[in-house]
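I have placed the structure first, in the form of structure tokens, so that the comments after it can refer back to it.
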Amino acid sequence: MARNTKGNIFADKSSFEIWSVDNCAEIYSANNALHSGAHLDNMYITAKKFKTCEYAPTCKNCKVTFKGVKMPKGK
């Protein structure tokens, strides 16, 4: 979607952010869970800042990728 979204300045990276979508640990975690038999309707996505352990806001990549998935701490 990122690559095909009109006006996305990061489209050449297939991302909605300055970083690549591969930078998001949420993508890898969800992928591993799905390959192990989990379902998106039975999981929630959240991220924390490494140094402070505070909840991190959800990035644009994850907002698009996980649209409809519970993100209790994402904003």
Side-chain angles (χ1 to χ4, degrees):
M1 281 186 78
R3 186 175 299 209
N4 297 321
T5 299
K6 189 174 184 175
N8 179 6
I9 62 172
F10 305 115
D12 61 329
K13 296 180 185 178
S14 296
S15 181
F16 288 103
E17 300 284 359
I18 194 167
W19 56 84
S20 167
V21 71
D22 294 334
N23 186 64
C24 298
E26 299 89 339
I27 301 294
Y28 287 103
S29 299
N31 193 36
N32 287 338
L34 293 170
H35 282 289
S36 296
H39 298 278
L40 282 176
D41 56 345
N42 291 334
M43 67 173 77
Y44 68 90
I45 306 295
T46 192
K48 288 189 171 189
K49 296 179 181 180
F50 181 76
K51 290 183 179 182
T52 64
C53 292
E54 295 174 287
Y55 285 102
T58 307
C59 76
K60 292 177 187 175
N61 289 323
C62 288
K63 284 180 183 176
V64 172
T65 302
F66 298 114
K67 184 177 181 180
V69 175
K70 295 174 224 152
M71 291 187 267
K73 299 294 181 177
K75 294 182 173 122

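- Contact check for I18 versus K13: side-chain heavy atoms found under the 4.5 Å cut-off.
- To the nearest 0.5 Å, the span separating CG on N31 from OG1 on T65 amounts to 11.0 Å.
- With values rounded to the nearest 0.5 angstrom, N23 atom CG is found 9.0 Å from Y28 atom OH.
- No chain of hydrophobic side-chain contacts below 4.5 Å, direct or via other Ile, Leu, Val, Met, Phe, Trp or Tyr residues, connects M43 to V64.
- Criterion: ILVMFWY side-chain heavy atoms under 4.5 Å apart, direct or through other members. Under it, F10 and M1 are not part of a common hydrophobic cluster.
- Between C59 and W19, the shortest heavy-atom distance links the atoms CB-CZ2, 3.7 Å.
- Scanning both residues, A30 and I45, for their nearest heavy atoms gives CB-CD1, 4.4 Å.
- Residues I27 and F66 form a side-chain contact, since some pair of their non-hydrogen atoms from C-beta on lies under 4.5 Å apart.
- The 12-atom threshold is not exceeded at NZ of K60, counting heavy atoms of other residues, nucleotides or ligands nearer than 6.0 Å.
- Under the side chain to side chain donor-acceptor pair (under 3.5 Å) criterion, S15 pairs with N61, not counting sequence neighbours.
- Heavy atoms only, all atoms of each residue included: A56 and K49 are closest at CB-CG, 4.0 Å.
- Distance check: T46 OG1 to K70 NZ gives 13.5 Å after rounding to the nearest 0.5 Å.
- Residues V21 and V69 share a hydrophobic cluster, clusters being chains of Ile/Leu/Val/Met/Phe/Trp/Tyr side chains in contact below 4.5 Å.
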